[in-house]
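Quick note on labels: first sequence line is chain A, next is B, and so on, each numbered from 1.
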Protein chains: 2
Amino acid sequence: MAQGPTITTIAKRAGVSIASVSRVLNGLPTRQDTVSKVMAAAEELGYVRNAVARSLKSSRTHQVAFAMADVGNPAYLAMLREIQPVLKAAGYRLVLHSTGADVADEIGVLHSLGERYVDGLIMVPLRVTDAHLRMLAAARAPVVVIGSVPEGTPVDNVRADSRTGVRLALDHLHALGRRRVGLVNGPPDTVPGAARGAGYVEALAALGLPYDKELVEIGDFYRADGRRAVAALLDRRPDIDALMCANDLIALGALDVLRAAGRRVPQDVAVVGMDDTDLAAASWPSLTSVSLGSAERGRAAAELLLDRLEDGDVAPRLVTVPPRLEVRASTAGEQAPPTGDADRPGADGAGA
Amino acid sequence: MAQGPTITTIAKRAGVSIASVSRVLNGLPTRQDTVSKVMAAAEELGYVRNAVARSLKSSRTHQVAFAMADVGNPAYLAMLREIQPVLKAAGYRLVLHSTGADVADEIGVLHSLGERYVDGLIMVPLRVTDAHLRMLAAARAPVVVIGSVPEGTPVDNVRADSRTGVRLALDHLHALGRRRVGLVNGPPDTVPGAARGAGYVEALAALGLPYDKELVEIGDFYRADGRRAVAALLDRRPDIDALMCANDLIALGALDVLRAAGRRVPQDVAVVGMDDTDLAAASWPSLTSVSLGSAERGRAAAELLLDRLEDGDVAPRLVTVPPRLEVRASTAGEQAPPTGDADRPGADGAGA
DNA sequence: TTGTACGCGTTATCAC
DNA sequence: GTGATAACGCGTACAA
């Protein structure tokens with residue numbers, strides 16, 4: 001933990017001024033022997049530029065923040081996996097904020113932009129409150145929101161389209177001959193819950209199927225909630241032949257209950273999840289799931305932000321990422337040969 | 001994106017000196033009406049302290065870096081999930097480095113400590129090369145290594161114990177009456193591969209079982225490798241009655257093949273994975289897995305680092321986290337009632 | 001109690 | 001080409 005040398009140290013050692021040192025270090029035109037003297041001194045002393053001092057001078061930190069509710073959430077993780085390399089390639093470091101589903105904390109992150117420790121922010125808000133909108137309007141650095149913000153909000157915006165996603169799933173189920181398709185949704189007062197519920201209603205209408213309240217069950221977005229909800233549904237409507245689940249965890253809970261009840265998947269009941277997380281490919285039967293393009297949204301957000309950091313004067317942009325249906329065994333009949341979707345590295349290197 | 005006010009701005013506005021502003025902002029004893037004037041001005045202007053300038057002055061960034069090979073890897077993620085809140089509670093931001101299994105990149109991270117953009121680093125090296133050891137010895141900020149470093153390396157060290165972990169698994173299988181336990185390992189030239197192979201040999205000896213080369217198969221740490229390896233094993237030794245897999249992905253591959261071959265799990269063949277990732281609880285049957293305590297290691301590392309940041313003069317410390325066996329359906333017979341291990345939030349908030 | 005002045009390490013603008 | 005010197009925003013001796 002040796003004390004770090006500064007350009008002053010080097011200047012003395014090389015017998016030149018700090019200005020010359022700076023010039024050499026920045027590749028500005030300099031006489032050859034000055035260059036060599038400086039380089040030699042820098043080498044000997046193990047000089048490394050102080051990023052903090054440069055930032056103070058340049059008011060550029062080369063850091064970007066990514067804020068979301070929970071690092072452990074697979075959907076956010078998928079974004080992170082894409083964001084990280086894009087930023088890195090552009091020479092930016094990534095500062096991670098996990099706000100723990102706390103709205104006040106999210107506002108805090110927005111506020112902290114004033115501290116100027118990052119050049120920009122990518123955030124995935126849980127909800128977009130008035131406080132959010134005020135802070136976004138007054139943000140001290142460029143912000144890209146993954147989610148939906150009202151038109152006119154002065155930030156770049158990347159959206160998924162879960163309504164269409166639900167539509168894709170229901171079309172698929174309909175094509176397979178399923179006519180009594182239940183919905184296991186999350187809370188309708190969350191953005192995703194609302195969108196998925198609306199998508200379900202729309203899709204039914206488009207397919208000419210009646211909307212049947214008894215086929216809809218609400219819970220939270222966790223596996224245990226899925227179990228509870230599906231148990232209730234089966235009880236109420238034993239003739240149900242398909243389940244649209246608002247995310248993969250709920251769908252896993254559905255599989256648990258169907259298995260316990262002796263219903264075959266997909267022969268008796270087809271199951272569709274949402275988000276297409278790693279869990280979908282790992283489960284048995286593997287889970288057909290609607291991908292909302294988390295990875296694509298992450299990449300798009302990173303690119304929008306980088307673009308704006310280079311040229312801040314473009315108008316706010318909106319990118320919508322289309323959903324995609326990943327068909328697997330839980331609707332497709334035979335277990336498709338495992339595709340290796342979940343084939344990411346395990347703990348190699350992380351153990352001992 | 002209004003231009004940020006500085007203490008100078010506030011000083012003018014409040015009609016006092018910048019020193020007084022600083023004093024008020026830092027809670028130093030100040031006359032009451034000065035306090036009010038300054039607070040009022042700060043409020044009106046929406047003042048926020050410039051973190052970069054403070055860092056330059058205090059040579060403290062309140063940032064800590066976490067470097068590992070791949071954010072997408074569940075084992076690293078488990079660490080991250082624990083590290084993040086610990087750092088946050090202590091007022092530190094988290095800078096994420098995903099080195100992509102590139103040794104040169106890891107060295108680069110170590111080198112970049114000289115830029116002083118973080119106060120410390122937690123790293124999980126893939127391998128520990130001589131270059132690593134040199135850089136660690138010369139590191140310009142405190143480093144905690146998760147993995148194993150040679151004695152005498154001047155850094156805090158947090159280790160797992162996968163040998164004992166394998167031992168736990170084999171004891172369990174032995175107690176269940178299994179006597180022909182195969183090993184599906186990763187490359188023996190990786191640290192985890194070597195340790196797990198050694199653990200297998202040791203455990204067999206301790207149990208009085210013969211070591212049978214035919215029961216061992218080597219591949220990489222991915223699901224497809226697991227499938228390949230287990231197919232070969234079944235072919236060679238149809239009488240095999242248990243499989244110790246070097247990680248959970250391999251184990252998932254094993255389940256794929258066993259299912260296709262009509263072997264019941266666990267009745268015909270018991271399967272044990274390693275790392276106890278979310279996938280273990282999500283799979284069917286759910287997977288008995290050896291937890292190497294990724295979460296605990298992450299937390300321990302964060303605490304060691306924070307401790308050292310407060311008092312840098314303690315001697316290098318070594319923490320070893322014991323493994324734990326998570327027994328689930330792939331060895332336990334009946335499907336245990338789902339435990340909710342995988343009950344983490346889904347995409348709520350991440351969609352649209 | 002308050003203000004002046006300096007330093008943290010860099011970059012950049014001047015005269016020389 | 002090079003060397004003083006002035007910022008960047010903040011904290012803090014020191015003097016008043």
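Judged by distance alone with a 3.5 Å cut-off, a donor-acceptor contact links the side chain of A:R23 to the base of D:dG3.
The number of heavy-atom neighbours closer than 6.0 Å to NE2 of A:H62, taken from other residues, nucleotides and ligands shown, is above 12. Within 6.0 Å of atom CZ in B:R127, 12 or fewer heavy atoms from other residues, nucleotides or ligands are found, so the atom counts as exposed in its surroundings.
Between B:V21 and B:I10, some side-chain heavy-atom pair lies under the 4.5 Å cut-off.
At the heavy-atom level, A:T34 lies under 4.0 Å from the strands shown only through sugar-phosphate atoms. Among the atoms of the strands shown, base atoms are found under 4.0 Å from some heavy atom of B:S22. In this structure, B:V52 reaches neither bases nor backbone, as no heavy-atom distance under 4.0 Å exists between it and the strands shown. Nucleic acid contact class of B:S55 (heavy atoms, under 4.0 Å, all strands): none. Across all strands shown, A:T30 has heavy atoms under 4.0 Å from sugar-phosphate atoms exclusively, and none from any base.
A donor-acceptor contact closer than 3.5 angstrom is absent between the side chains of A:D70 and A:S98.
A salt bridge links B:K88 with A:D105: at least one charged nitrogen is closer than 4.0 Å to a carboxylate oxygen. Using a cutoff of 4.0 Å between basic side-chain nitrogens and carboxylate oxygens, A:D307 and A:R317 are scored as salt-bridged. Ionic pairing of A:R93 and B:E115 is present here: one or more N-O contacts between side-chain nitrogen and carboxylate oxygen are shorter than 4.0 angstrom.
Rounded to an integer number of Å, the gap from CZ of B:R60 to C1' of C:dC8 is 16 Å. Regarding A:I18, its CD1 atom lies at a distance of 13 Å from the P atom of C:dG7, rounded to whole Å. Nucleotide D:dA7 holds its C1' atom 14 Å from the CG atom of B:N50, rounded to whole Å. Distance A:K57 NZ to C:dC8 C1': 14 Å, rounded to the nearest Å. Straight-line distance from the CG atom of B:N26 to the P atom of D:dG11: 5 Å, rounded to whole Å. Atom-to-atom, CD of A:Q32 to C1' of D:dG1 comes out at 13 Å; the value is rounded to the nearest Å. The interatomic distance linking A:L28 (CG) with D:dG1 (P) rounds to 12 Å, in whole Å. Note: OH (B:Y117) to P (C:dG9) measures 19 Å, nearest angstrom.
Side-chain N/O atoms of B:R54 include none lying less than 4.0 angstrom from OP1 or OP2 on D:dG9. Residue B:R49 has no polar side-chain atom (N or O) positioned under 4.0 Å from OP1 or OP2 of D:dG9.
DNA chain C is contacted by both B:L56 and B:S20; B:S20 maps to the nucleotide lying nearer its 5′ end (nearest heavy atom per residue). Mapping B:V35 and A:T6 onto DNA chain C by nearest heavy atom places B:V35 at the nucleotide closer to the 5' end.
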Stepwise, does the side chain to side chain contact (heavy atoms under 4.5 Å, CB included) test hold for B:M68 with B:V71?
CA-CA 7 Å; B:M68 75 290 150; B:V71 226; 3.8 Å; yes
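Using five terminal pairs a side, the axes of the helix from C:dT1-D:dA16 to C:dC16-D:dG1 at its two ends make an angle of 50°, given in steps of 10 degrees.
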